[in-house]
Each structure stands twice: as structure tokens, then as C-alpha cells.
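Only one structure is covered here, and it is reproduced in the block below.
A note on names: the letters A, B, ... follow the listed sequences, proteins ahead of strands, and every chain is numbered from 1.
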Number of protein chains: 2
Amino acid sequence: MSDHVSRILEQWSTHRPDLDCSPMGVIGRIERMSKFLAPAIESLIHSFDLSRIEFDILATLRRSSGPLTPTQLYQDTMLSSGAMSTRLEHLVNKGWIKREPSPSDRRSCTIELTQTGRENIDAIVTKHVNNERDLLQSLNLEEQEQLASLLAKWLSHHENK
Amino acid sequence: MSDHVSRILEQWSTHRPDLDCSPMGVIGRIERMSKFLAPAIESLIHSFDLSRIEFDILATLRRSSGPLTPTQLYQDTMLSSGAMSTRLEHLVNKGWIKREPSPSDRRSCTIELTQTGRENIDAIVTKHVNNERDLLQSLNLEEQEQLASLLAKWLSHHENK
DNA sequence: TATTGTTATACTCTATAACTATA
DNA sequence: TATAGTTATAGAGTATAACAATA
């Protein structure tokens with residue numbers, strides 16, 4: 001299994017034999033897989049004139065059980081409030097979402113998909129998931145499950161801190 | 001093992017029961033782990049007044065068996081030639097590296113760590129690896145190896161394309 | 001006083017392409 | 001003609017903080 005990171009580890013063991021670099025074998029590969037996936041995923045999303053962040057916002061709205069506020073959205077996506085405002089403005093102008101005043105709190109508003117926004121994101125999400133399935137083909141389903149399970153274990157320890 | 005992505009998958013199964021979203025269980029978690037790791041790793045590196053890219057350049061030089069050219073460096077780090085020039089200029093000014101004319105090709109130059117650059121990066125790499133080791137503590141060594149092995153398998157299929 | 005959301009500002013970083021020099 | 005490296009330009013995207021309105 002001679003990948004790029006394994007060659008990096010060999011170089012380190014030659015030039016820094018005092019150092020146990022095995023953590024790089026995990027973290028270096030996580031980062032590297034992430035870097036390979038990004039363009040493959042983004043090229044599909046960009047073909048619908050959406051940035052990755054905008055797609056995430058639309059997908060979050062689609063799978064939620066009702067309208068969300070900008071605050072809920074920027075906390076969920078780890079974005080600043082200012083950046084979220086800019087993104088939402090774009091999505092309103094492009095007809096994806098509608099912004100309406102909150103009935104209970106007059107400082108706030110609710111964000112919701114438009115009719116066509118919902119139809120379009122439904123179609124895109126389907127293509128997106130199939131794209132992801134293709135990208136994972138080099139692992140069989142059992143290996144994919146093992147991988148997901150190990151990542152879930154790590155994440156469950158780090159998300160609530 | 002109830003992490004954030006598992007809740008996302010539940011939401012999709014409620015609102016899009018027609019869609020098998022299991023690929024998100026892998027790819028969503030890869031991206032999410034990567035997003036959690038980045039600030040933890042960068043905060044150590046930034047404390048030495050280095051960007052992540054600059055650290056990668058210095059580490060590449062440290063583990064290589066001799067001086068490298070800017071072209072070798074930008075291909076290795078997946079950066080554009082222009083961006084690499086800017087980074088190298090910074091690192092020269094800060095005393096990390098030295099740039100010398102290539103003896104064999106007068107268009108080219110060689111990039112090499114300075115004496116103090118090498119000493120400093122040695123110390124930082126040690127701290128960096130220990131930091132990574134800490135970050136992986138929630139998985140035992142066997143799990144870390146399984147994870148590395150699954151990632152290596154995926155990467156070895158995608159790196160030579 | 002604290003919170004919600006928007007707007008304005010400045011910053012970081014990058015890719016692109018034009019350019020110089022050499023092969 | 002092609003390649004190595006640098007420089008200049010412009011663009012995308014963000015965080016920060018100032019701001020207005022409401023709680």
C-alpha cells in the first residue's frame with residue numbers, strides 16, 4: 001500500500017530516526033484524502049453555480065424540519081455571522097431561499113427554501129450523493145463502514161468540547 | 001456512537017427516505033475530522049509565526065536528501081508557481097531558507113534550509129508530531145493503524161491518476 | 001445590557017498571466 | 001519553442017467590528 005504519505009514517513013525515518021512519526025500516517029492521510037475529495041465534489045456543485053458553502057446551507061435547510069434563523073445556520077456551518085449574511089443575500093437574489101420576518105422576535109428572521117429552490121436542491125443532492133458513492137468505489141462496503149465507524153468514534157470524542 | 005454526521009444522516013432518512021446517503025457517513029466525517037484538526041494543528045504552527053503552507057515547505061526541505069528547486073516544491077505542495085515564489089520570498093526574508101543559483105541551469109535556483117532554519121524546524125516538527133499524537137488519543141493504537149491503512153488503500157487508488 | 005442580523009472595512013491568500021532569462 | 005522562476009493584477013472569501021433594532 002505505497003501511497004504518498006508512506007514515502008514521506010520513510011523520508012522522516014531516514015532523516016529523523018529519533019522521531020516516531022506514526023501520527024502523520026493518520027492525520028497526513030486524512031488531510032490528503034480531504035484535499036483529493038474537495039475538487040471532485042466542488043466541480044459538481046460549481047456546475048450549478050453554487051459555492052460549497054452555499055450548497056451546505058441549502059442542504060441544511062432541505063433536511064431540517066422547518067425554517068431556520070441565520071444564527072442557527074452560521075453556528076451549524078461554523079461560519080461568522082457576517083459571512084452568513086453575505087451568503088444568504090446571494091441565495092435570496094438567485095431565488096433559492098426566502099427571508100421572512102420572525103413572527104415572535106422582531107429582531108430576527110426565518111430562512112426557508114423557495115418552491116423552485118427545494119426542487120433544484122433535491123435534484124442536486126441526489127447527484128451529489130451518487131458522486132460521493134463513485135468516489136468511494138476503491139473501498140468495498142465493509143471497508144467503508146469500518147472507516148465511517150472509526151471516524152465517528154474520533155468525532156464523538158471531539159465534538160462536544 | 002452518536003456524532004454530528006449520524007444526526008445529519010437521520011435527518012436525511014426522514015426527509016429523503018428514497019436516498020441512500022451512506023457515502024456521506026464516510027466523506028462527511030473525513031471533511032469534518034479535517035476541519036476539527038486544522039485549527040488545533042495551525043495554532044501550534046502559528047505560534048512560531050509560520051503559516052501552514054510555510055511549515056509544509058520547511059518540513060519538505062528538512063526530510064529531503066538535498067536542496068530542492070521551486071518547481072519541485074510547488075508540485076509537491078500542489079501550489080501554483082506564483083504562490084510558491086511569494087512564500088519562498090517570505091521565508092528567505094525571515095532567515096529560514098537560502099536561495100542559490102543552480103550550478104547546472106542558470107534559469108533555476110536551489111532552495112535550502114539555513115543553519116538556524118534547520119535547527120528551528122527540527123524543534124517545531126518534534127512538537128508538531130507530539131501535538132498530532134495527542135489529537136489522536138481518543139483512538140487506541142490498533143484503531144489508528146486500521147484507520148491509516150484504510151486511508152492508504154483509498155489514496156493509493158487515487159494518487160496516480 | 002444583551003442579542004439578532006446587516007453592513008463596511010481590511011486582510012490573507014490564491015490563480016492567472018505577463019515577463020525575463022535561459023535551455 | 002519550451003521551461004524556470006518572478007512579479008503584478010485582480011478576485012474570492014473571510015473575520016472583525018461598528019451599527020441599528022429589538023429583547
Practice task
Please state how far atom CE in B/M84 lies from atom C1' in C/dA15, giving the value in whole angstrom units.
Solution key: 14 Å

Exercise for the section: Respond yes when some side-chain nitrogen or oxygen of A/S108 is under 4.0 Å from OP1 or OP2 of C/dT4, and no when none is. Expected result: no

Fill in the blank from the handout: Note: contacts of residues 31-56 of chain A with DNA chain C (heavy atom, under 4.0 Å) are none

Exercise for the section: Look up atom CG in A/D134 and atom CG in A/L44, then write down how far apart they are to the nearest 0.5 Å. Expected result: 10.5 Å

Completion exercise
On DNA chain D, more 5' by nearest nucleotide between A/L79 and B/P70 is B/P70

Fill in the blank from the handout: With B for base contact, S for sugar-phosphate-only contact and - for none (protein heavy atoms under 4.0 Å), nucleotides 17-23 of chain D reads ----BBS

Handout entry: Distance, rounded to the nearest Å, where B/H90 contributes NE2 and C/dT12 contributes C1'
Key = 10 Å

Practice task
Can you run down the salt bridge (charged side-chain N to carboxylate O under 4.0 Å, His left out) pairs that involve residues 57-67 of chain A, sequence neighbours left out, and say none if there aren't any?
Solution key: A/R62-A/D122, A/R63-A/D76

Practice task
Quick one: label B/T69 by what it contacts on the DNA or RNA (base, sugar-phosphate, nothing), any heavy atom closer than 4.0 Å.
Solution key: sugar-phosphate

Exercise for the section: Starting at atom CG of B/L88, determine the distance to atom P of D/dA4, rounded to an integer number of angstrom. Expected result: 15 Å

Practice task
Nearest whole angstrom, please: distance from the C1' of C/dT6 to the CZ of A/R87.
Solution key: 14 Å

Practice task
Nearest whole angstrom, please: distance from the C1' of D/dT6 to the OH of B/Y74.
Solution key: 12 Å

Fill in the blank from the handout: Rounded to whole Å, CG of A/L91 lies from C1' of D/dG13 at a distance of 15 Å

Completion exercise
Testing D/dT14, D/dT6, C/dA15 for proximity to the side chain of B/A83, the answer is C/dA15

Handout entry: Minimal non-hydrogen separation, B/K94 against B/D49, with atom names
Key = NZ-O, 3.0 Å

Completion exercise
Taken to the nearest whole Å, CD/A/Q75 to P/C/dT3 is 12 Å

Fill in the blank from the handout: So OG1 of B/T77 and CD of B/Q72: to nearest 0.5 Å the spacing works out to 11.5 Å

Completion exercise
Separation between CD1 (A/I111) and CG (A/L68), nearest 0.5 Å, reads 8.5 Å

Exercise for the section: Specify the separation, in whole Å, of atom CD of B/Q72 and atom C1' of D/dT3. Expected result: 14 Å

Handout entry: salt bridge (Lys or Arg N to Asp or Glu O under 4.0 Å) between A/E159 and B/R32, intermediate numbers included
Key = CA-CA 10 Å; A/E159 285 176 341; B/R32 202 163 164 83; 2.6 Å; yes

Practice task
Establish whether B/L141 and A/L151 are linked, either directly or via other cluster members, by ILVMFWY side-chain heavy-atom contacts under 4.5 Å.
Solution key: no

Handout entry: A/R52 vs B/E31, salt bridge (Lys or Arg N to Asp or Glu O under 4.0 Å): CA-CA, chis, key distance, verdict
Key = CA-CA 12 Å; A/R52 181 61 205 265; B/E31 291 174 336; 3.0 Å; yes

Handout entry: Modelled atom types, side-chain donor and acceptor of B/R16 and A/T126, under 3.5 Å
Key = yes

